[in-house]
Structures are given as C-alpha cells and as structure tokens.
Amino acid sequence: MPAAAAPIISSVQKLVLYETRARYFLVGSNHAETKYRVLKIDRTEPKDLVIIDDRHVYTQQEVRELLGRLDLGNRTKMGQKGSSGLFRAVSAFGVVGFVRFLEGYYIVLITKRRKMADIGGHAIYKIEDTNMIYIPNDSVRITHPDEARYLRIFQNVDLSSNFYFSYSYDLSRSLQYNLTVLRMPLEMLKSETTQTRQESFDIFEDEGLITQGGSGVFGICSEPYMKYVWNGELLDIIKNTVHRDWLLYIIHGFCGQSKLLIYGRPVYVTLIARRSSKFAGTRFLKRGANCEGDVANEVETEQILCDASVMSFTAGSYSSYVQVRGSVPLYWSQDISTMMPKPPITLDQADPFAHVAALHFDQMLQRFGSPIIILNLVKEREKRKHERILSEELVAAVTYLNQFLPPEHTIIYIPWDMAKYTKSKLCNVLDRLNVIAESVVKKTGFFVNRPDSYCSILRPDEKWNELGGCVISTGRLQTGVLRTNCVDCLDRTNTAQFMVGKCALAYQLYSLGLIDKPNLQFDTDAVRLFEELYEDHGDTLSLQYGGSQLVHRVKTYRKIAPWTQHSKDIMQTLSRYYSNAFSDADRQDSINLFLGVFHPTEGKPHLWELPTDFYLHHKNTMRLLPTRRSYTYWWTPEVIKHLPLPYDEVICAANLKKLIVKKFHKYEEEIDIHNEFFRPYELSSFDDTFCLAMTSSARDFMPKTFGIDPSPFTVRKPDETGKSVLGNKSNREEAVLQRKTAASAPPPPSEEAVSSSSEDDSGTDREEEGSVSQRSTPVKMTDTGDSAKVTENVVQPMKEVYGINLSDGLSEEDLSIYLRFVQLGQSQHKQDKSSQQFCSRCPDGVIKFDQPGCGTPAPSNPPQEFPRQLCLSIHWAACPTPHHR
C-alpha cells in the first residue's frame, strides 16, 4: 500500500538575528529562501521574555521592505545615512532555546552544523557550534554577582559534542513509528485534518489548501518523544507562543552512517543512539532508577538499513532494529567518597513490590510492546559479594511482576556472566552471545516496510520461518525489545549489543533480498564496517557517561587484539577513574542546569551549595505523589490490551491527538522531499557530496588487489583488507591521510608525498553546512601503480557502459563545454594545497594547474588521451544518489 502522507518539512532552516536598541528581530526562512517568518523579541524587559510571532508567511521582497522600514525607523536622526538603525547580529540554522538564571533571558542559536546521515532524503545534522546571546539591553540590565558562574556551568554542556537534529525527520522516535504514522488510513487523516483546522490557532494555517479533487497530499508532523529530547525545557517557554516551525528538537547520543556497496548497489547502514534526558548524569553519580521509573544511562540504539538507490519512503526499502541499554531498575548507588576503583554497591531503599521496576517496564511495554527481554551481564560468582547484589534483587523483581502478567507477555530474563566466560579458555564468548542473539531476534522480529521478498520463497530458510514480530500486509513490525545491562552498561553491554545487531543485520539484508541466507560471518567487509560503527558508538556513549572510551572492545573478546592494546586499556581505565573522581560532579551540575532539573531562584541555595541532587531527581522526596499504583495490576490498562503491539503505535484517539495533519498541494515545499534533498536551485559539486565522503565498504575495506571477490560478504584474511583489522584506530590516524573527496582524479604518487603536504582536515573542513564524513574515518592511500591497475580492471568499456565510444577524440564544442564547466567549478571551490601539488606532479595528467597565465585547466594536447582519463574520472566520481548542497 503506498504511503498516504508525507512528513512536514520545517520552513525555518536559515535564521538571521537583527538587532536594534529596543528589540531583536529573528528572521527565519526555508532553504530555498522563498518563505520567511519573523519573531520580535523585546529587549526592554530586564527579566521577562516577551516574544511576538505574527504567524505571517512573508516573501523575500516583503522581508526586505520590512527590514528597510525597521532600519529607517531606528536611526538616530531621520534621513541620516551614515549610521544604521538595524544591525545584523548573527546568522544561524536553528534555535536551541531560551534560558534564564538570575538576570534576564539568553537565546541559544546553532551557528554551525554538519551533515551526519541521510534517511530517505531526510538530512540529519550534528551541531558544530552555538552562540549564546543575552537579550535585555544594557540600559535595563540588573546585574547579579552569581550570574557569570551559572553561565559557565551551563556552557560546560558542550553542545558541539554529539547533539543532533533534523528539519523533517523525528529523531526522538524510531523509523518504525515514523513510517507507521505515514501509512495511516486516509479516512483518519481526513478527519484529523478537519479537527486540526478547527482547533488551529494559526490564521494562515490553511492558506493554499487544496480541498477539491485528489491533488492534495497530507502532511504529518508528530509530537516528539520528550524522554529523548534534550532541549525540551529550553523550548517550553515559547512552545505555545510561536509557530511549530521555530521549535527544533535536539537529541544527544550518537549518529553514524556508512555505505555498504554490494556489486555496485549502495546500501546505507545507519546507527542512531538516543540518550534519555530523564535521570541523566555521570557514571557513579547516577545509578539505578528514580521514583518515576527512569533509569540512569538509558540509551535506545537503532540500526537502520536502506537501499540508497531509491530514497523515497514510499517506494524505497527500509528496515530497522531497536535495542536498549540502561542501569538495573532498582534503588541502588555507589559511594565514591571512599576513593576506591570499585566502590561498594548499596541498595538505598527496600522495594518489596518492585514499584520502580514496574514503572520502568510499563514504559517499555508502551513504547516497544512485548516481549521485553532482559539480558543481564553482571557477575554471578564473586569472592566478595558485589555485582551479585543487583542480580538477586533484579531476579526477585522480575519474578514478582511476571506472576501478574498474561503468560504470553511475561518479561523474559536471561542471566549470563560474561566476565566468567571471558576468563575461560574453553569457551568462546562471542559464539555464546551469537546463540543468545539468534533467540532474541527470533522473538522480537524487526521492522521492514515491504512484504517478504520472492527470494525467501525461492531459497527458503528455516530460521526465517521461525522469526517473530508482527507480519502485516506492508511488511513486518518489531514487537518487543532487548534490554541489556551490566553494572556500567558500557564495555560488556556494547559488545553484547553488537552481536545482537550483527544477527539482526543479517535478517535485514535477507529481507531486502541482498543475501541468500540470514547469516553474516566475521572478517567480512560488511561486518568490519558494522563493527567500526559500533565501536564509534560505544566510545561516544562511554565518554558521555563514564568519562573515557571503551576499555574492552569486540577484538578483546575475540582475543585478536594486539599486545599494545593492553597498555591502552590501562590508560583508559585510569582516565575513567580520574574523570569519575574529579570532574564528574561539575559535569553533573551542568547537566542538571541544562535539562532544567535545577532552576536558580533568588533567595534559595545555589546549585553549588547543594549537598546532593537526590531530591531534584526523586520528586516523591519533596511531596507525596497524587496516585498510588496497584501492587498487582502494575501496568497501564490501555497498554496491556494491545500487546504485543506497542501502544504508542496503535491508531487510537489518544495517539491521534499527538499528530498535526495538514493538506498541501503536491508541489508544496513543506512536503517536497525531492527539492529538499536535491536542491536543484543550488550549484553543487562532488567535493561537497555527502554520500561520496562517508565510509564505504568498497573504498575503505575491500582489498586493493586484482582478482579478489568484491562482495562485502566474502571472508578475508586480516592482511587482505583495505584497512588493518588488528591496527589501533589512533595508529591508523597517524599513518594515513583523511580522504577529503571521492570525486577526484586517480590517487597521488605515494602516501608519503601526500602526507607531507597535507594537513588534518578535522578542523578545517567543518564549514557552516559542511558535509564531510561523519566520523572522519581515515583511509589509506594506495600506490599509484596498484590504483591504476585496479581502475583499469574495474572500469568497463565505454561503449558498454555509456553507449558511446569516445576513443576517436572529442569535438571542439565538447572541449569548450568542458573548459566552461571546469572554470565554473574552480570559481566556486578553491583547490587546496595538496590537490595543487598533486596536479603539478602529474606530467601526463589531463588537468594542469601550474601552466603560467592559465586560469583554467586545459585538456592535454593529444585528444586521444582525454577520453580515457575522463572515463577514470567518471568512475571515481560515480554516485547513485548524489546529495546536493
């Protein structure tokens, strides 16, 4: 069934803040700069925030006239041309929110962004830089001595570190939810459109609405899942005042995307981790759960697989699998004042009826459905009882809760002492984890937006027929989720999640008809690419919660890590200990202030004066909760009725209220993802094409020798791969060069020659709208001779590929066209130093930059050499779905 609706694209993607003495004017536009909105912010109020949104959509000409009148009206003298009355303060890409401490309000703006991933044409950006601007004028400012200290604490949350947003894709929800909403029946969308129009406070909401015939398209925008939104408190003050396009919700965690090239067919593998903003904090300061069932270090990890040759949600093939990590849902903590590497675990409150665990699992049933599977990796046999305390309490809580659930929806508990199996020489840890992963994926299933492929009938597999989940006419739904935990939910948890994700990835590839059996083996390009994604994912989450990168990795449990890894593990352990002992308290204060857990108030103790933040996160310590839940019927009644389906995805009145549905003309920019993705009104180049810069299995992992099977599912020896398997990531970064663009001429003469003339691109390439590789993964440059051989063997004859033979030379008209376009490209993008030196060293190359008195590259004199080089350039620049900036 085709999708009945399309996501609504925000019309505020570019912002300019203009300043006068009395007001700020925030002008926002869509990317094409055809529609504008204006916010007026008063600067004469010392402590209150006064924002006026006229909700009118301006044209470019109307905005120019408005700004001209404002400039003229705010000059010191009428008719004076020397001094302007309207100043351009800053350009931005979104509003993070508004915050106030003890003086007036600040506005936080995103000033730099970087594209990190693309899902169905919907771009996901990472915040690269922000600007915090004080709103009240200096003439009305009432100073406070502690304001500067609060400002430093707030800015200690580095917004340029792993915060993500999208203008058209809801990052706080899973792909399954987002696509399920788009496939709602048309009748419900029509009724919801009528209701929205009646309740809408925007008088311009329905302008241009097509009500006759079937030419209209429904646009849908859902409310975000606030548990994973980190600026919800900062936007709360303007939520009911301004148009929804001004509200840009951000998530915190990880986002990475790599390209799996299967015989030329591009498949994007995306990993998104959403860190919970509830009970958030650092390692030893946030353990267990709070009184509302929110646990510490709760992260939802989603792996998305999509066929990149078709980007549309309607016609494309998409699959996803979700799993969760989080602290043990009990009242427990660890006292770090003892300065011990492993502080003793303490159970803070007796909970005989598993009240806090019931609240936690009720949330999970509502979001994921059933079954909920717990994989508990903590130690079970210890000389001194330490981690086992948590296991015993968790078993008791799950046993108590299960006796009231229907048998088909009970919580599945899997205890497995991973540390004990790691020390054993007879057991293979990953083999045992693979068995657990198979059983888990079979129970939960996974999401795919298309019916089973015909290849599953031609080549039936026994495991495929045993797969769980919910099968519907349009594909499959994941029902239930795996919840993995150890004590910290870092090292052991990341390896276990990788093994489950690897098993799910095999089923996802099989469902899209890309492999003939739902199995993936180690030492293949696909698994190495996936392992690198998960290592970056684990390192990022470990730095956020524990203060250091992962100590034990997948290679550690495979027992193939090099001997130098042990010393690095010791350094990571010391770094984690130092961070936990000396800097975690300040980081915790910053998180509490940023998330609005603590609000500075005149006359009350300051944040740094509090002996503990326990009462801030446990609301029942300050007041009695209004209702007490039943000890036996501990779940929400509506949730249990729809199991195994998640209640959040069920079409009902409560969920329909969370949707905003509008009807657009089919060519309206708010729903035209084609224009948003390709941007035909902009001049673009291969240098800025995101899909060419991302990590690719063919370029970064496939061997660079002739005669090797190019399939990413072929098992290879470590010395055959394009990227060293045993090598450490930091060593690779020192030895190889960051590949800045894939749309270049053949590789340079030698690795040393390029390295000497190149600089690290990690800082210089982060432009305001930069679209470089999301993890800046370095790629080893091969020797010129080998590269030329590979290129010659891979490139097919020109006649077969393009239907035309260019070996006879080009006409003068074609050469003039070529020169014009090269000159146009050069005028837009300056060649960097390494490219200039490389081109000057190629005596037989097509393009030469070192010719005196020549501003554009000219083809070499013999016309016969041009077609072959052009063919090579076309090969290296080939891209199925180019991203246009």
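Predicted model only: the values in this text are computed from it and were never measured.
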Colleague: Let me know which of Arg367, Arg173, Arg275 forms a salt bridge (charged side-chain N to carboxylate O under 4.0 Å, His left out) with Glu300.
Modeller: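 Option passing the salt bridge (charged side-chain N to carboxylate O under 4.0 Å, His left out) with Glu300: Arg367.
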
Colleague: I'd like to check Leu260 versus Leu509 (side-chain heavy atoms, cut-off strictly below 4.5 Å). Are they in contact?
Modeller: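 When only atoms from C-beta onward are counted, Leu509 and Leu260 do touch, with a gap below 4.5 Å.
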
Colleague: Is a donor from one side chain sitting under 3.5 angstrom from an acceptor on the other, for Ser168 and His122?
Modeller: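 The answer is yes; a qualifying pair exists.
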
Colleague: Are Val500 and Tyr321 packed together at the side-chain level, in the sense that at least one heavy-atom pair is separated by less than 4.5 angstrom?
Modeller: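 With C-beta onward as the side chain, the pair touches.
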
Colleague: Compute whether any side-chain donor of one residue and acceptor of the other, for Asp294 and His617, lie under 3.5 angstrom apart.
Modeller: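 No.
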
Colleague: In the structure I gave you, are the side-chain heavy atoms of Leu26 and Val38 within less than 4.5 Å of one another anywhere?
Modeller: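 Heavy-atom side-chain distance check fails, nothing below 4.5 Å.
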
Colleague: Output every pair passing salt bridge (charged side-chain N to carboxylate O under 4.0 Å, His left out) with a member in residues 245-257, not counting sequence neighbours, ordered by first then second residue.
Modeller: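 Listed by first then second residue: nothing to list.
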
Colleague: Evaluate ring-ring contact (aromatic ring centres under 6.0 Å, His included) for Tyr249 paired with Phe165, printing each intermediate quantity in order.
Modeller: CA-CA 6 Å; Tyr249 295 101; Phe165 67 92; over 10 Å; no

Colleague: Is a donor on one side and an acceptor on the other found under 3.5 Å between the side chain of Thr130 and the backbone of Leu159?
Modeller: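 Answer holds: no.
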
Colleague: How about Leu659 and Met184: do any of their side-chain heavy atoms sit closer than 4.5 Å?
Modeller: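 They are in side-chain contact.
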
Colleague: Is the closest side-chain donor-acceptor distance between Asp362 and Thr636 under 3.5 Å?
Modeller: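 There is such a pair between these side chains.
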
Colleague: Is the closest side-chain donor-acceptor distance between Thr493 and Arg325 under 3.5 Å?
Modeller: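 No.
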
Colleague: Does NZ or CZ of Lys115 lie under 6.0 Å from the centre of the six-membered ring of Tyr125, at an angle within 45° of the ring axis?
Modeller: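 No.
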
Colleague: My understanding is that only residues two or more places apart in sequence, or in another chain, count here; which of them pass side-chain hydrogen bond (donor to acceptor under 3.5 Å, both in side chains) with Asn162?
Modeller: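 So Asn162 forms a side-chain hydrogen bond (donor to acceptor under 3.5 Å, both in side chains) with Tyr164.
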
Colleague: Do the side chains of Leu533 and Ser258 get nearer than 4.5 Å, heavy atoms only?
Modeller: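 Yes, their side chains come closer than 4.5 Å.
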
Colleague: Please determine if Arg37 forms a cation-pi arrangement with Tyr58, meaning its NZ or CZ atom is less than 6.0 Å from the six-membered ring centre and no more than 45° off the ring axis.
Modeller: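 Negative - Arg37 is either too far from the ring of Tyr58 or too far off its axis.
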
Colleague: For Ile41 and Tyr105: C-alpha separation, side-chain torsions, deciding distance, then whether side-chain contact (heavy atoms from CB on, under 4.5 Å) applies.
Modeller: CA-CA 11 Å; Ile41 307 172; Tyr105 276 90; over 6 Å; no

Colleague: Restricting to side-chain hydrogen bond (donor to acceptor under 3.5 Å, both in side chains), what partner residues turn up for Lys278, sequence neighbours left out?
Modeller: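 Not a single residue meets the side-chain hydrogen bond (donor to acceptor under 3.5 Å, both in side chains) criterion with Lys278.
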
Colleague: Is the closest basic N to carboxylate O distance between Glu128 and Arg113 below 4.0 Å?
Modeller: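 Result for this pair is no, no salt bridge flagged.
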
Colleague: Report yes or no: do Asn30 and Thr34 form a side-chain donor-acceptor pair below 3.5 Å?
Modeller: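 Yes, Thr34 and Asn30 have a side-chain donor paired with an acceptor closer than 3.5 Å.
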
Colleague: Residues two or more places apart in sequence or in another chain: which of them pass side-chain hydrogen bond (donor to acceptor under 3.5 Å, both in side chains) with Asn675?
Modeller: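 Scan of Asn675 (side-chain hydrogen bond (donor to acceptor under 3.5 Å, both in side chains), adjacent residues dropped) gives Asp672.
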
Colleague: Between Phe163 and Trp230, what is the ring plane arrangement, given parallel below 30°, perpendicular above 60°, and tilted in between?
Modeller: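 Rings of Phe163 and Trp230: perpendicular, over 60°.
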
Colleague: Would you say Gln323's side chain and Arg483's backbone share a donor-acceptor pair under 3.5 angstrom?
Modeller: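 No.
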
Colleague: Residues two or more places apart in sequence or in another chain: which of them pass side-chain contact (heavy atoms from CB on, under 4.5 Å) with Ala273?
Modeller: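 Counting only residues at least two positions away or on another chain, Ala273 forms a side-chain contact (heavy atoms from CB on, under 4.5 Å) with Phe254, Val299, Thr301, His537, Leu541.
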
Colleague: For residues 643-654, which residue pairs qualify under salt bridge (charged side-chain N to carboxylate O under 4.0 Å, His left out), counting only residues two or more places apart or in two chains?
Modeller: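 Not a single pair qualifies under salt bridge (charged side-chain N to carboxylate O under 4.0 Å, His left out).
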
Colleague: What is the ring orientation for Phe530 with Tyr534, classed by angle as parallel under 30°, tilted 30 to 60°, or perpendicular over 60°?
Modeller: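 Aromatic pair Phe530/Tyr534 classed perpendicular.
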
Colleague: Are the side chain of Gln544 and the backbone N or O of Gly253 linked by a donor-acceptor pair below 3.5 Å?
Modeller: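 Judged by distance alone, yes, a pair lies under 3.5 Å.
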
Colleague: Within the distance-only criterion (no hydrogens, no angle test), does the side chain of Ser312 pair as donor or acceptor with the backbone N or O of Thr314 below 3.5 angstrom?
Modeller: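 Side chain of Ser312 to backbone of Thr314: a pair is present.
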
